[in-house]
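Read the structure below first, then the notes.
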Amino acid sequence: MSKLRQIQRADRESRILSAALRKFRADGYNRSRIEDIAEVAEVSVGTVYNYYCTKGDILIAAVTLEVEEVLAEGQVLVDHPPEDLSEAILALTYCYYDHSLNYLNKDMWRRVLGVAIEAGDTQNGRRYAELDAKLIVQVGDLVRRFQQNGEIDPDLDAAALGRVLFHNLNQLFITFVTDDAMTLENLRQQATTLTMPLAKLLIGTMK
């Protein structure tokens, strides 16, 4: 494929994804049709289907874009974390939370979670699990950083601790997206309440 064709393809894909996200936010996921998305993106319906087989595919593509960006932001925190462990964990957690609504609103996240739960053995379900796995690794890398700094017992399994911490923050996020009355500030407050004692326990392993 020539460089020009690659650029044109990337442009069409970006326009389709951008149009879909605008329609999902404005009209809701269920009411948005592929035909409407094609019209906003100024491409044919067939072109949309060349890139995405279903609306679910588009949502997963949006999640992929979101996670790739948040991983890049999170890596900066992992490389240069706050000195206090609880502050570092919360900084990474808030990074994930705050970025989560850049592309998807609560309704869209509920649809994504539905794909992950109801169709875990499909391509979309597996892709979502892969994205979660990357975030888990990053949280584990943060724990490992504090082990290297002598703040956490080096004999503890950093990967396992990362999984525990991630599942904690992820469960709170699921509660957030399933409760329309819950604000992002409420979410951050609950994360703080649960993270502080966990951080104290980890620091206590060196005493």
Side-chain angles (χ1 to χ4, degrees), residues 1 5-30 32-34 36-38 40-43 45-79 92-142 159 162-163 165-167 169-174 176-178 184 187:
M1 182 183 297
R5 289 183 63 189
Q6 288 178 333
I7 293 173
Q8 291 173 334
R9 179 178 177 84
D11 177 67
R12 285 193 296 270
E13 187 171 11
S14 177
R15 282 159 48 199
I16 292 168
L17 181 57
S18 177
L21 293 177
R22 291 203 301 273
K23 293 297 292 183
F24 292 162
R25 283 182 176 275
D27 302 336
Y29 179 82
N30 283 342
S32 299
R33 304 179 305 158
I34 294 293
D36 300 326
I37 293 169
V40 173
E42 299 181 339
V43 298
V45 172
T47 297
V48 176
Y49 281 114
N50 284 339
Y51 291 88
Y52 306 104
C53 295
T54 66
K55 289 193 296 181
D57 290 339
I58 296 175
L59 269 180
I60 294 299
V63 174
T64 300
L65 183 63
E66 192 271 331
V67 172
E68 288 175 349
E69 289 185 2
V70 81
L71 282 168
E73 291 183 20
Q75 192 58 48
V76 176
L77 284 168
V78 171
D79 292 339
L92 188 59
T93 299
Y94 294 164
C95 172
Y96 292 171
Y97 287 165
D98 294 346
H99 200 284
S100 66
L101 301 179
N102 280 2
Y103 297 107
L104 285 74
N105 58 26
K106 286 190 176 185
D107 176 65
M108 293 156 68
W109 272 111
R110 287 194 287 267
R111 304 296 172 181
V112 171
L113 293 173
V115 169
I117 294 171
E118 297 174 8
D121 60 344
T122 66
Q123 182 176 354
N124 281 338
R126 289 191 294 272
R127 180 57 181 151
Y128 183 83
E130 291 169 2
L131 296 171
D132 263 5
K134 290 183 178 181
L135 293 170
I136 291 170
V137 168
Q138 187 167 75
V139 178
D141 288 343
L142 179 64
R163 183 174 294 276
L165 291 168
F166 176 80
H167 285 316
L169 69 90
N170 193 46
Q171 184 57 52
L172 287 175
F173 182 72
I174 291 173
F176 167 70
V177 299
T178 54
L184 189 58
L187 176 62

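- With values rounded to the nearest 0.5 angstrom, D98 atom CG is found 10.5 Å from T93 atom OG1.
- Atom CD of E68 sits about 6.0 Å away from atom NZ of K134, to the nearest 0.5 Å.
- Heavy-atom neighbours of R15 CZ from other residues, nucleotides or ligands within 6.0 Å: above the threshold of 12.
- Two residues are said to be in side-chain contact when any heavy atoms from C-beta on lie closer than 4.5 Å; R127 and V63 fail this criterion.
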Could you please spell out the steps behind the side chain to side chain contact (heavy atoms under 4.5 Å, CB included) verdict for F24 and R111?
CA-CA 11 Å; F24 292 162; R111 304 296 172 181; over 6 Å; no
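- Atom CH2 in W109 sits 9.5 Å away from atom CG in L59 (nearest 0.5 Å).
- By the neighbour-count criterion of 12 heavy atoms within 6.0 Å, atom CD of E42 is sparsely surrounded, having that number or fewer from other residues, nucleotides or ligands.
- The minimum heavy-atom distance between R12 and Y51, with the atom names listed, is NE-OH, 3.2 Å.
- Listed here is the closest heavy atom pair of E69 and Y103: OE2-OH, 2.5 Å.
- Looking only at side-chain heavy atoms (C-beta outward), L92 and V139 come within less than 4.5 Å of each other.
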So M108 and V177, side chain to side chain contact (heavy atoms under 4.5 Å, CB included) or not? Walk me through it.
CA-CA 9 Å; M108 293 156 68; V177 299; over 6 Å; no
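- Shortest non-hydrogen contact noted between A38 and V48 is CB-CG2, 3.7 Å.
- Looking at heavy atoms from C-beta onward, V70 lies in side-chain contact with L135 at the 4.5 angstrom threshold.
- Annotation: the span from I16 atom CD1 to L21 atom CG amounts to 12.0 Å, rounded to 0.5 Å.
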Would you check, one step at a time, whether the test side chain to side chain contact (heavy atoms under 4.5 Å, CB included) holds for Q138 with F166?
CA-CA 9 Å; Q138 187 167 75; F166 176 80; over 6 Å; no
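- The salt bridge (Lys or Arg N to Asp or Glu O under 4.0 Å) check on D132 picks up nothing, with sequence neighbours excluded.
- Annotation for C95 and G74: closest pair SG-N, 4.1 Å, computed over non-hydrogen atoms.
- The heavy-atom pair separating K23 from S32 by the smallest distance is O-OG, 3.1 Å.
- Rounding to the nearest 0.5 Å places CD1 of I58 at 8.0 Å from OH of Y29.
- Under a 3.5 Å cut-off, the side chain of D79 and the backbone N or O of V76 do not form any donor-acceptor pair.
- Separating the CD1 atom in I37 from the OG1 atom in T47 is a distance of 13.5 Å, to the nearest 0.5 Å.
- Within the 4.5 Å cutoff, the side chain of L187 has heavy atoms near those of the L184 side chain.
- Residues L113 and Y128 form a side-chain contact, since some pair of their non-hydrogen atoms from C-beta on lies under 4.5 Å apart.
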Side chain to side chain contact (heavy atoms under 4.5 Å, CB included) between I60 and Y52, worked out
CA-CA 10 Å; I60 294 299; Y52 306 104; over 6 Å; no
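- Relative ring orientation between F173 and Y97 is described as parallel, the plane-to-plane angle staying below 30° on a 0-90° scale split at 30° and 60°.
- Between I34 and K55, the shortest heavy-atom contact is CD1-CG, 3.9 Å.
- Judged purely by atom type and a 3.5 angstrom limit, T178 uses its side chain to pair as donor or acceptor with the backbone of I174.
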